[in-house]
Amino acid sequence: MAYKTVLKYSDVTPRADYLNRRQLMGGAAGLTAGLTLGPALGASSDASPYSADLETTALEDISSYNNFYEFGTGKTDPAKHAHQLTIDPWSVEIGGMVDRPGTYGLEDILGKVTLEERIYRFRCVETWSMVVPWVGFELNQLLSLAGVQGAAKYVAFETLYRPDEMPGQKTVSLEWPYREGLRLDEAMHPLTILATGIYDDPMPKQNGAPLRLVVPWKYGYKSIKSIVRVTLTDKEPQTTWNMLQPSEYGFYSNVNPQVSHPRWSQAYEKPIGGGLFAKRQETLMFNGYEEEVARLYDGMDLVVNH
Ligand code: MTE
């Protein structure tokens, strides 16, 4: 089966649960109208304890206001230009400190992992936010396929470099390819997923098709899109925004209302999709995931390690 088909959430969820969810969500009409209530936790057997019971942002908003500099620096550039990207076939090269390095075809990967829905808060460093019903699988499942060696301490990620299809890469807005990294314990955390879809749809190209990282307690720029390379290493990897401006964008980039960006406060955020008069809301420590992730940073100075 081609992965485009596998990606549909209805294909990976037992039909009874799926219908049950749809009913809970007020039917398909509610889905297309956006701003639906997420599935009630515990109501269906596959609801993840990591999925939040929050009102989700409309797909139209999630997929029309984007940061994806490979397609331009404007918020509407990705939706305009990302259709040029070829995403089939797709493979991910996994290397470095792993037992089974190699080129992993996306279809093979998807045959070996468990896809599920995760409703997560998503907070951009620019102070906008949204709630996204991702479909994806835990990154730790991919890392287990490759077999992480004992000496590995970090995971580095790279986006595809293909200037013919990504017009932004013909400019020097960023250093290409886009790069990101996580400490190994962050990468293994069950909240960290590789997403392949949003709602019951394959990932829109402007959101990072066919495979993008989602780390919900960190600023959005850590969630690298359209990944083609994953490397296990014992050195802290270089990351795109940190390379550009280290004083403004640290390696950790944990959402923290108390640590201001040098040019603006991070105490508040504004949900997208609400128009000009959307109410700002207080930013939550670790974007609301404090209970799950604070222990990863015990004893660390979160100002120095911003
Ligand atoms: N990944 C790549 N390859 N290129 C980018 O420009 N932008 C990042 C991140 N991942 C970016 C990227 C930033 S700044 C944010 S806020 C999120 O993607 C935006 O994700 P979204 O467009 O799906 O909301």
Side-chain angles (χ1 to χ4, degrees), residues 56-82 84-85 87 90 92 118-136 156-163 165-182 192-199 201-230 237-245 248-250 253-255 261 264 266 269-273 283 287:
T56 52
T57 306
L59 180 60
E60 198 183 295
D61 294 315
I62 296 171
S63 59
S64 63
Y65 186 87
N66 300 100
N67 279 331
F68 200 166
Y69 279 39
E70 284 85 340
F71 296 104
T73 56
K75 291 285 179 282
T76 55
D77 289 337
K80 260 182 241 151
H81 302 298
Q84 297 172 58
L85 182 64
I87 56 166
W90 194 271
V92 182
R118 292 282 178 94
I119 298 175
Y120 281 167
R121 299 170 196 277
F122 189 88
R123 169 64 157 79
C124 176
V125 74
E126 298 164 334
T127 75
W128 52 267
S129 67
M130 55 186 179
V131 177
V132 186
W134 304 106
V135 176
F157 303 87
E158 273 180 33
T159 295
L160 142 116
Y161 179 70
R162 197 183 283 162
E165 296 185 1
M166 300 174 120
Q169 289 183 332
K170 291 183 177 146
T171 73
V172 290
S173 58
L174 293 174
E175 206 171 307
W176 312 112
Y178 195 97
R179 273 159 260 206
E180 257 309 333
L182 295 172
T192 304
I193 58 167
L194 287 170
T196 56
I198 297 177
Y199 284 102
D201 283 326
M203 186 68 69
K205 289 184 178 178
Q206 58 269 36
N207 290 91
L211 190 69
R212 59 105 37 105
L213 187 68
V214 181
V215 195
W217 71 94
K218 293 179 179 284
Y219 290 118
Y221 59 85
K222 297 293 289 183
S223 293
I224 179 172
K225 297 176 169 182
S226 306
I227 295 167
V228 290
R229 183 167 288 121
V230 175
Q238 284 199 309
T239 61
T240 293
W241 287 94
N242 182 255
M243 286 156 69
L244 186 76
Q245 193 48 270
E248 300 194 346
Y249 309 103
S253 310
N254 293 316
V255 175
H261 185 280
W264 60 82
Q266 293 291 16
E269 64 195 43
K270 210 174 228 194
I272 63 163
T283 296
N287 202 26

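Everything numeric here is computed off the predicted structure, so don't read it as measured data. Note that ligands are numbered from 1 as they come in the structure, with each ligand's atoms numbered from 1 the same way.
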A.B. asks: Determine yes or no for a side-chain-to-main-chain donor-acceptor pair under 3.5 angstrom, with S223 supplying the side chain and V215 the backbone.
C.D. replies: yes

A.B. asks: For the pair R179 (side chain) and P177 (backbone), establish whether a donor and an acceptor sit closer than 3.5 Å, ignoring hydrogens and angles.
C.D. replies: yes

A.B. asks: Quick one, K270 with E126, criterion salt bridge (Lys or Arg N to Asp or Glu O under 4.0 Å). Give me CA distance, side-chain angles, the key distance, then yes/no.
C.D. replies: CA-CA 10 Å; K270 210 174 228 194; E126 298 164 334; over 6 Å; no

A.B. asks: With a 3.5 Å distance limit and no angle check, can you tell me whether N254 reaches the backbone of K218 through a side-chain donor-acceptor pair?
C.D. replies: no

A.B. asks: Verify, without hydrogens or angle tests, whether S64 (side chain) and E60 (backbone) share a donor-acceptor contact under 3.5 angstrom.
C.D. replies: yes

A.B. asks: Cut-off 3.5 Å, side chains only: do T283 and R123 have a donor facing an acceptor?
C.D. replies: yes

A.B. asks: Tell me the residues surrounding ligand 1, counting only those with a heavy atom closer than 4.0 angstrom, sorted by chain and number.
C.D. replies: N66, N67, F68, Y69, E70, F122, C124, W128, M130, T159, Y178, N207, R212, G220, Y221, S223, I224, K225

